[in-house]
Amino acid sequence: MELQFTKMHGLGNDFVVIDAINQSVNLDTHQLRFLADRRHGVGCDQILLVETSDRPDSAFRYRIFNADGGEVEQCGNGARCFARFVREKGLTDADRIPVHTRAGLLELIVRDDGQVTVNMGVPVLEPAGIPFEALVRAPQYALSVEGETLEIGALSLGNPHAVMEVPHIDTAHVAQLGPLIESHPRFPNRVNAGFMEIVDRGHIRLRVYERGAGETLACGSGACAAVVAGRLWNELDEQVEVELRGGNLVVSWAGENQPVLMTGPATFVFEGTITL
Ligand SMILES: N[C@H](CCC[C@H](N)C(=O)O)C(=O)O
């Protein structure tokens, strides 16, 4: 099967974007992993499939697959790349683009400066909705990891996130703790693990060990989760500059039952064809 694809990234969180509207696409786990493989395939953190939606409130659906082949609910950086992709491909000329994902309906706004604002929806804080095993909802939870007790925030942006505060992200034990948190038994669907350094109430530095992909240069939903957690700890203001290894996002959250908004860039790298 010949497959046309577009390589894109959001602050270095990179994607193979596939137009499944104008070509027939049916990828199995092996093929997804091959596409994501940085030596044998194209190489990416996630694969994004762009499809039509038969729902009245959006013309598009986009599906997200991690490098390990698993389908997931949400991808903040991917949503921005999706918006620029459908505009560039002439699939829409709208500035305001609703799109369905497994997490539900997102609204994307393509700005004049080329950046994209994503309404990521209302964060889910109840443990059962994350899902996370805890008796009651709390701003922080004690998580036992190999004899060490970590204090984490836990929430969902459609996909699950655990966030812990660290004094300095450059010396945070991401490689050691990331995999242990990702596969912790209290997260039955596994989890993305964020390591947040709070610089001041309007600025954080963040590294994310992503579920199904490992540490990435940026994680959009992870940036949103970190701001929500920091706000719940009364340590952050409503709008926060999130400094990731790949660059900066602006995230705002007005508080409980309000949506999280994220703004940042989306970059085209190259077009290609691959035989599967
Ligand atoms: N690894 C994530 C999906 C990609 C999220 C990330 N790339 C973003 O920008 O939000 C998960 O398993 O939930």
Can you tell if the side chain of Phe195 reaches within under 4.5 Å of the side chain of Val208, non-hydrogen atoms only? no

Before we go on, tell me: are the rings of Phe60 and Phe82 under 6.0 Å apart, centre to centre? yes

Between the main-chain N or O of Ala79 and the side-chain N or O of Tyr62, is there a donor-acceptor pair closer than 3.5 Å? yes

Looking at Asp170, is its backbone amide N or carbonyl O close enough to the side chain of His168 to form a donor-acceptor pair, meaning the two atoms are under 3.5 Å apart? no

Between Ser53 (side chain only) and Ser58 (backbone N and O only), is there a donor and an acceptor less than 3.5 Å apart? yes

Look only at the side chain of Asn119 and the backbone of Glu107, and say whether a donor-acceptor pair between them is shorter than 3.5 Å. no

Look at the side-chain heavy atoms of Ile, Leu, Val, Met, Phe, Trp and Tyr, link any pair under 4.5 Å apart, and say whether Val174 and Leu206 land in one connected group. no

Test: Asp237 and Arg231 ion pair at under 4.0 Å: no

Please confirm whether the backbone N or O of His203 pairs with a side-chain atom of Asp200, one donor and one acceptor, at under 3.5 Å? yes

Is it true that Arg205 and Glu197 make a salt bridge, defined as a side-chain N closer than 4.0 Å to a carboxylate O? yes

Show the numbers, then the answer: is there a side-chain contact (heavy atoms from CB on, under 4.5 Å) between Glu210 and Glu215? CA-CA 6 Å; Glu210 286 199 29; Glu215 182 174 5; over 6 Å; no

Can you establish whether the number of heavy atoms outside Asp57 located under 6.0 Å from its atom CG is more than 12? yes

Which atoms form the tightest heavy-atom contact between Pro179 and Ser183, and what is the distance? O-OG, 2.8 Å

Looking just at side-chain N and O atoms, do Ser221 and His161 make a donor-acceptor pair shorter than 3.5 Å? yes

Side-chain contact, heavy-atom cut-off 4.5 Å: Ile198 with Leu236? yes

Spell out, as yes or no, whether a donor-acceptor pair under 3.5 Å connects the side chain of Asn192 to the backbone of Pro160. yes

Tell me whether Ile181 is reachable from Phe132 by hopping between hydrophobic residues (I, L, V, M, F, W, Y) whose side-chain heavy atoms are closer than 4.5 Å. yes

Under 3.5 Å, is there a donor on one side chain and an acceptor on the other for Glu241 and Asn248? yes

Take Lys89 and Val86 through the side-chain contact (heavy atoms from CB on, under 4.5 Å) test and state the conclusion after the steps. CA-CA 5 Å; Lys89 290 286 180 181; Val86 292; 5.9 Å; no

Could you check whether atom CZ of Arg96 has more than 12 heavy atoms from other residues, nucleotides or ligands sitting under 6.0 Å from it? no

Backbone N/O of Gly264 and side chain of Arg80: donor-acceptor pair under 3.5 Å: yes

Separation of Ser252 OG from Gln258 CD (nearest 0.5 Å): 10.5 Å

Just one of Glu51, Arg61, Arg55 clears the side chain to side chain donor-acceptor pair (under 3.5 Å) bar with His100, so which one? Arg55

Side-chain touch Pro127/Arg137, heavy atoms, less than 4.5 angstrom: yes

Using only heavy-atom distances, determine whether the side chains of Thr273 and Gln4 contain a donor-acceptor pair under 3.5 Å. yes

Quick one: name the residues clustered hydrophobically with Phe270, using the 4.5 Å side-chain heavy-atom rule over I, L, V, M, F, W, Y, and just say none if it's on its own. Met1, Leu3, Phe5, Val16, Ile18, Val25, Leu27, Leu32, Phe34, Leu35, Val42, Ile47, Leu49, Phe65, Val269, Ile274, Leu276

Does some side-chain heavy atom of Val260 sit less than 4.5 Å from a side-chain heavy atom of Val227? no

Of the options Thr216, Asn13, Asn77, Asp14, which is the one that meets Gln46 in a side chain to side chain donor-acceptor pair (under 3.5 Å)? Asn13

Please walk me through it: do Arg33 and Asp37 pass side-chain contact (heavy atoms from CB on, under 4.5 Å)? CA-CA 6 Å; Arg33 286 178 178 171; Asp37 189 305; over 6 Å; no

Is it possible for you to say whether Leu155 and Ile152 belong to one hydrophobic cluster, with membership spreading through side-chain heavy-atom contacts below 4.5 Å? no

salt_bridge(Arg111, Asp113) N-O dist < 4.0 Å: yes

Measuring from Ile169:CD1 to Arg207:CZ, what's the distance to the nearest 0.5 Å? 6.5 Å

Is a donor on one side and an acceptor on the other found under 3.5 Å between the side chain of Trp253 and the backbone of Glu238? no

Hey, are the side chains of Val116 and Arg84 touching, using non-hydrogen atoms and a 4.5 Å cut-off? yes

Within the distance-only criterion (no hydrogens, no angle test), does the side chain of Gln23 pair as donor or acceptor with the backbone N or O of Asp19 below 3.5 angstrom? yes

My understanding is that only one of Asp93, Asp95, Thr92 makes a side chain to side chain donor-acceptor pair (under 3.5 Å) with Arg87; could you say which? Asp95

Please examine the side chains of Glu151 and Tyr141, heavy atoms only from C-beta on, and report whether any two atoms are closer than 4.5 Å. no

Just do the side-chain contact (heavy atoms from CB on, under 4.5 Å) check on Gln74 and Met120 with the steps written out, would you? CA-CA 9 Å; Gln74 177 72 278; Met120 295 286 285; 3.7 Å; yes

If I compare all heavy atoms of Ala142 with all of Thr149, which pair ends up nearest, and what's the gap? CB-CG2, 3.8 Å

Looking at CD of Glu243 and CZ of Arg245, how far apart are the two atoms once the value is rounded to the nearest 0.5 Å? 10.5 Å

Under 4.5 Å between side-chain heavy atoms, hopping through other hydrophobics if needed: is there a path connecting Leu106 to Ile21? yes

Electrostatic pair Arg211:Glu71 at N-O distance under 4.0 angstrom: no

His173 (side chain) donor-acceptor with Gly178 (main chain) under 3.5 angstrom: no

Would you kindly confirm whether Leu177 and Leu143 end up in one hydrophobic cluster when ILVMFWY residues are joined by side chain heavy atoms under 4.5 Å apart? yes

When rounded to the nearest 0.5 Å, the distance separating CD of Glu165 from CG of Leu150 is 13.0 Å

With a 4.5 Å limit on heavy-atom distance, are the side chains of Leu249 and Leu11 in contact? yes

Atom SG in Cys81, atom CE in Met8: separation rounded to 0.5 Å? 4.5 Å

Just so I know, are the side chains of Leu232 and Leu125 near enough to count as touching, which here means a heavy-atom distance under 4.5 Å? yes

Distance alone, cut at 3.5 Å: any donor-acceptor contact between the side chains of Thr275 and Glu2? yes

For Thr263 and Gln115: C-alpha separation, side-chain torsions, deciding distance, then whether side chain to side chain donor-acceptor pair (under 3.5 Å) applies. CA-CA 7 Å; Thr263 299; Gln115 299 222 21; over 6 Å; no

